Peer 1: 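Please find one structure pasted underneath; my questions will follow.
Starting from 1, each residue takes its place in the sequence as its number. Everything numeric here is computed off the predicted structure, so don't read it as measured data.
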Amino acid sequence: MHATMNLSASPITARPVWDRFVRVFHWTLVSCVLLNSFVLEDGEDLHQWVGYLASALVMTRIVWGFIGPRYARFSSFPPSMHDSVEQLTDLASGRRRIHLGHTPLGALMIYNLILSVAVICLSGYLMTTDMFWGVEWPEEVHEAAVTWVKISVVLHVAAVVVESIRTKVNLPRAMVTGYKKLP
């Protein structure tokens with residue numbers, strides 16, 4: 001279940017939330033997606049190596065989701081339609097609740113991005129194999145997944161900005177420092 005706090009007139013406290021691995025994973029995967037989406041040419045060696053790095057990151061993050069510290073574990077942010085609807089209700093009603101780890105909607109986005117990047121990596125790899133060389137569907141899946149990730153990233157960044165303003169918790173800073181400064 002998601003750990004939440006009701007906002008009150010208490011002093012600001014810094015709570016450790018994101019461990020070093022989660023932060024390095026996050027920013028390194030951001031770099032991989034940006035490089036392969038906007039800088040490197042499709043099919044060139046460096047594009048493939050960045051893809052391999054993204055694959056290794058995703059696989060390692062999945063393992064870390066089972067053995068890492070509390071807020072890195074998938075069990076701390078299970079996908080929940082009920083909790084997601086509740087967060088949407090909070091947004092619509094103006095109720096502010098702080099989630100110590102991922103918010104319910106944030107959890108859905110994390111699962112979405114991990115799965116989508118895994119699809120990009122797998123389809124990209126398939127395009128390099130003899131078995132799928134010249135076959136169209138892996139390239140089509142790859143391109144569709146890249147487009148989906150770009151859309152998801154825009155939604156993710158927008159949601160982080162909205163939630164940071166709404167809850168008065170600087171979420172980008174927390175993903176850099178590892179600490180959430182909570183009212």
Side-chain angles (χ1 to χ4, degrees), residues 1-34 37-38 54 57-58 60-120 144-183:
M1 205 74 208
H2 299 277
T4 62
M5 296 178 59
N6 288 321
L7 296 175
S8 62
S10 61
I12 292 177
T13 58
R15 299 281 303 266
V17 178
W18 309 124
D19 64 277
R20 182 169 291 149
F21 172 80
V22 166
R23 296 187 328 264
V24 169
F25 160 81
H26 178 271
W27 295 113
T28 306
L29 189 60
V30 166
S31 299
C32 288
V33 169
L34 288 173
S37 294
F38 301 109
L57 287 167
V58 167
T60 307
R61 178 61 182 97
I62 290 169
V63 171
W64 198 247
F66 294 102
I67 66 169
R70 178 180 181 183
Y71 295 111
R73 289 182 185 237
F74 298 132
S75 61
S76 78
F77 57 100
S80 168
M81 196 52 70
H82 174 269
D83 291 347
S84 297
V85 169
E86 191 173 75
Q87 185 181 356
L88 287 171
T89 303
D90 289 351
L91 282 161
S93 67
R95 180 175 44 193
R96 294 189 306 152
R97 244 190 288 197
I98 293 176
H99 297 265
L100 296 178
H102 291 293
T103 67
L105 292 172
L108 293 178
M109 183 58 76
I110 298 310
Y111 290 112
N112 165 52
L113 287 169
I114 287 173
L115 179 61
S116 298
V117 171
V119 168
I120 291 169
V146 167
T147 299
W148 178 249
V149 164
K150 288 176 182 178
I151 292 166
S152 297
V153 166
V154 169
L155 291 172
H156 175 59
V157 170
V160 165
V161 169
V162 167
E163 281 295 278
S164 291
I165 292 167
R166 193 176 77 79
T167 63
K168 300 184 181 355
V169 176
N170 188 329
L171 297 174
R173 181 180 350 170
M175 191 50 77
V176 171
T177 67
Y179 288 85
K180 279 189 178 180
K181 290 189 175 183
L182 308 173

Peer 1: Are any of the side-chain heavy atoms of P16 and Y71 separated by less than 4.5 Å?
Peer 2: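 A side-chain contact under 4.5 Å is absent here.
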Peer 1: What is the minimum heavy-atom distance between F25 and L57, and which atoms define it?
Peer 2: CE1-O, 3.5 Å
Peer 1: Say whether, by atom type as modelled, one donor and one acceptor occur between the side chain of W27 and the main chain of M175 under 3.5 angstrom.
Peer 2: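 It does hold such a pair.
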Peer 1: When rounded to the nearest 0.5 angstrom, what distance separates CG in L105 from CD1 in I110?
Peer 2: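 The distance works out to 11.5 Å.
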Peer 1: So does G101 get a backbone contact from the side chain of R70, meaning a donor-acceptor N/O pair under 3.5 Å?
Peer 2: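 No; zero donor-acceptor contacts below 3.5 Å.
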Peer 1: Testing the basics here: between R15 and L182, what is the closest heavy-atom pair and its distance to 0.1 Å?
Peer 2: CG-CD1, 3.4 Å
Peer 1: Under 3.5 Å, side chain of S93 to main-chain N/O of T89, donor-acceptor pair present?
Peer 2: yes
Peer 1: Locate the shortest heavy-atom distance separating P183 from I98; write the atom from each residue and the value.
Peer 2: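 Looking at all heavy atoms of both residues, the closest pair is CD-CD1, 3.4 Å.
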Peer 1: May I ask you to decide if the ring planes of Y111 and F77 are parallel, tilted or perpendicular, using 30° and 60° as cut-offs?
Peer 2: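 Answer is tilted, since the angle falls between 30° and 60°.
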Peer 1: Does any non-hydrogen side-chain atom of I151 lie less than 4.5 Å from one of V154?
Peer 2: no
Peer 1: Between D19 and W64, does the side chain to side chain contact (heavy atoms under 4.5 Å, CB included) criterion hold? Intermediate values first, please.
Peer 2: CA-CA 11 Å; D19 64 277; W64 198 247; 3.2 Å; yes
Peer 1: What distance separates C32 SG from I120 CD1, expressed to the nearest 0.5 Å?
Peer 2: 11.0 Å
Peer 1: Counting only heavy atoms not in K181, do more than 12 fall under 6.0 Å of its NZ?
Peer 2: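 No.
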Peer 1: Is any side-chain heavy atom of V176 closer than 4.5 Å to one of W18?
Peer 2: no
Peer 1: Compare every heavy atom of S164 with every heavy atom of P172, then report the nearest pair and how far apart it is.
Peer 2: CD-OG, 3.5 Å
Peer 1: Would you check if the side chain of S116 reaches a backbone N or O of A145 as a donor-acceptor pair within less than 3.5 Å?
Peer 2: no
Peer 1: First locate atom CZ of R96, then atom CG of L91, and finally report the distance between them rounded to the nearest 0.5 Å.
Peer 2: 12.0 Å
Peer 1: What closest approach, in Å, do Q87 and E163 show between heavy atoms, and which atom pair accounts for it?
Peer 2: NE2-OE1, 3.6 Å
Peer 1: Do other residues, nucleotides or ligands put more than 12 heavy atoms under 6.0 Å from F21 CZ?
Peer 2: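 Enclosed.
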Peer 1: Sub-3.5 Å donor-acceptor pair from the side chain of K180 to the main-chain atoms of V169, do we have one?
Peer 2: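 Flag not set: sc K180 to bb V169 has no pair under 3.5 Å.
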Peer 1: How many angstroms lie between OG1 in T103 and CZ in R97, if you round to the nearest 0.5 Å?
Peer 2: 11.5 Å
Peer 1: Rounded at 0.5 Å granularity, tell me how far CG in D90 sits from OG1 in T167.
Peer 2: 11.5 Å
Peer 1: For a quick test of reading the model, state the closest non-hydrogen atom pair linking R61 to F74 and the distance between them.
Peer 2: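 Nearest pair, atom of R61 first, then F74: O-CZ, 3.9 Å.
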Peer 1: Distance check, rounded to the nearest 0.5 Å: N170 atom CG versus K168 atom NZ?
Peer 2: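 The NZ atom of K168 is 12.5 Å from CG of N170, to the nearest 0.5 Å.
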Peer 1: State which residues pass side chain to side chain contact (heavy atoms under 4.5 Å, CB included) with S152; sequence neighbours excluded, sorted by chain then number.
Peer 2: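 Testing S152 for side chain to side chain contact (heavy atoms under 4.5 Å, CB included), a comparison that skips the adjacent residues, returns M109, N112, L113, W148.
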Peer 1: Under a 3.5 Å distance rule, please check whether R73 uses its side chain to pair with a backbone N or O of G65 as donor and acceptor.
Peer 2: no
